[in-house]
Protein chains: 2
Amino acid sequence: MIESEESPAVAELLKAFSHPTRLMILQELLAGPKCVTDMEDLLTARQANISQHLAVLRYARLVDYAQDGALRCYYLARPQLVRDMLALVGRDDPVVKRTPEAIKAEKERLNKAQQTQATHKPAKNRGRRDKAKR
Amino acid sequence: MIESEESPAVAELLKAFSHPTRLMILQELLAGPKCVTDMEDLLTARQANISQHLAVLRYARLVDYAQDGALRCYYLARPQLVRDMLALVGRDDPVVKRTPEAIKAEKERLNKAQQTQATHKPAKNRGRRDKAKR
DNA sequence: TGCGAATCTACGAATATTCTAATATAACGA
DNA sequence: TCGTTATATTAGAATATTCGTAGATTCGCA
């Protein structure tokens with residue numbers, strides 16, 4: 001359950017993932033630590049650009065680096081998160097299609113459950129739609 | 001394993017998730033189908049804006065709708081994907097910190113494993129760094 | 001100390017995203 | 001048909017992202 005106050009932070013994290021080059025970087029790092037030059041060979045992009053993307057990933061706390069002389073060896077700061085994310089988006093989920101009838105039925109069902117439980121606002125109809133029914 | 005040709009498509013999908021309002025919409029839809037007006041009540045955003053975000057989600061095949069008279073009941077087209085994504089980003093993963101020594105050790109290990117397996121390019125060092133050592 | 005390699009940052013142009021206001025469209029009921 | 005409700009689309013301004021070029025930084029070494 002994501003609270004509305006934290007939803008911007010979550011969106012930020014997802015944004016860090018949302019770029020082809022950054023995705024490739026994360027995938028490379030899944031295989032083991034790499035320095036920027038390694039990535040340059042692997043990733044049709046200029047060094048400066050890779051550095052910029054790494055800065056984004058660092059800010060999102062997805063990667064970090066260990067300095068080794070002149071080299072910076074980047075590694076995944078949250079490897080399990082990255083692994084699961086790549087698996088999730090690589091997955092091929094079935095797309096469901098629902099009929100208006102099925103939807104209506106589900107709404108009824110939800111309404112009923114909500115009323116018996118009396119959680120939160122029963123909210124039969126409010127706002128604009130109240131006026132509509134006058 | 002995400003191939004580089006599909007990484008733009010994957011990035012697109014992630015971008016669809018990467019907005020606070022869209023995240024909230026998806027979360028609401030997890031509880032059941034809703035029409036735009038329902039969301040308007042729930043989501044401090046104007047109707048036009050919600051419609052725009054729904055268009056993005058529709059294009060990403062994350063949602064679809066069933067028409068019910070003048071209403072459009074939106075629902076999740078890939079509920080499991082959305083459920084798993086929200087769980088994943090809501091999760092609190094430990095952030096690992098690694099020393100230069102540990103990194104160096106891992107690189108050695110990976111190199112060794114790679115050589116015995118003789119997968120792909122052994123790639124001791126190439127490109128710019130070859131010249132460097134001359 | 002000075003050089004070259006590895007990497008980062010600053011800046012600006014091109015492009016994309018987001019939001020609002022206004023308008024368009026579609027369905028329903030009187 | 002007309003008015004009203006629900007929703008979508010358009011247009012434009014504000015903002016953010018992306019990428020290249022150029023110039024800084026930092027490190028190890030001769």
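Each chain gets a letter, A, B and so on, in the order its sequence line appears, and its residues count up from 1. Excluded from the calculations below are hydrogen atoms, water molecules and symmetry mates; all remaining heavy atoms, backbone and side chain alike, are included.
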Do B/Arg72 and B/Leu54 touch side chain to side chain, with heavy atoms closer than 4.5 Å? no

Between the two ends of the helix from C/dT1-D/dA30 to C/dA30-D/dT1, what is the bend in degrees, rounded to 10 degrees, where each end axis spans five pairs? 10°

Side-chain heavy atoms of B/Phe17 within contact of B/Leu62, under 4.5 Å: yes

Stretch residues 4-12 of chain B: residues that reach within less than 4.0 Å of DNA chain C through a heavy atom: none

Please report, rounded to the nearest Å, how far the C1' atom of C/dT17 is from the CD1 atom of B/Ile50. 18 Å

Tell me which donor-acceptor pairs under 3.5 Å the side chains of residues 76-87 of chain A have, and how far apart each pair is, sequence neighbours excluded?
{"from": "A/Arg78", "atom 1": "NE", "to": "A/Arg61", "atom 2": "O", "distance (Å)": "3.2"}
{"from": "A/Arg78", "atom 1": "NH2", "to": "A/Ala60", "atom 2": "O", "distance (Å)": "3.0"}
{"from": "A/Gln80", "atom 1": "OE1", "to": "A/Arg83", "atom 2": "NE", "distance (Å)": "3.4"}
{"from": "A/Gln80", "atom 1": "OE1", "to": "A/Arg83", "atom 2": "NH2", "distance (Å)": "3.4"}
{"from": "A/Gln80", "atom 1": "NE2", "to": "A/Asp84", "atom 2": "OD1", "distance (Å)": "2.9"}
{"from": "A/Asp84", "atom 1": "OD2", "to": "B/Arg91", "atom 2": "NH1", "distance (Å)": "2.7"}
{"from": "A/Asp84", "atom 1": "OD2", "to": "B/Arg91", "atom 2": "NH2", "distance (Å)": "3.0"}

Name the nucleic acid region contacted by B/Tyr65, choosing base, sugar-phosphate or nothing; use a 4.0 angstrom heavy-atom cut-off, strictly under. nothing

Partner set under side chain to side chain donor-acceptor pair (under 3.5 Å) for B/Arg46, not counting sequence neighbours: none

Under 3.5 Å: donor-acceptor pair, side chain of B/Tyr75, backbone of A/Ile103: no

Could I get the full list of salt bridge (charged side-chain N to carboxylate O under 4.0 Å, His left out) partners for A/Lys34, not counting sequence neighbours? none

Over how many whole Å does the gap from B/Lys34 atom NZ to D/dA6 atom C1' extend? 17 Å

May I have the list of side-chain donor-acceptor pairs in residues 2-11 of chain A shorter than 3.5 Å, sequence neighbours left out?
{"from": "A/Glu6", "atom 1": "OE2", "to": "A/Glu3", "atom 2": "N", "distance (Å)": "2.8"}
{"from": "A/Ser7", "atom 1": "OG", "to": "B/Pro20", "atom 2": "O", "distance (Å)": "3.3"}

Under 3.5 Å, which N/O atoms of the protein pair with N/O atoms of nucleotides 24-30 of chain D?
none

Separation of C/dT17 C1' from A/Leu14 CG (nearest whole Å): 16 Å

So, does A/Glu40 use its side chain to make a donor-acceptor pair with the main chain of A/Leu42 at under 3.5 Å? no

Test side-chain contact (heavy atoms from CB on, under 4.5 Å) applied to A/Thr99 - qualifying residues, sequence neighbours left out: A/Glu101, A/Ala102

What pairs with B/Ser18 under side chain to side chain donor-acceptor pair (under 3.5 Å), at least two apart in sequence or on another chain? A/Ser18

In B/S/- notation (B base, S sugar-phosphate only, - none; protein heavy atoms under 4.0 Å), nucleotides 18-23 of chain D written 5' to 3' is SBBBB-

Got a sec, which residues hit side chain to side chain donor-acceptor pair (under 3.5 Å) with B/Lys104, two or more places apart in sequence or on another chain? A/Asp68

Does the side chain of B/Met24 reach to within under 4.5 Å of the side chain of B/Met39, using non-hydrogen atoms? no

For A/Arg109, all residues meeting side chain to side chain donor-acceptor pair (under 3.5 Å), sequence neighbours excluded: none

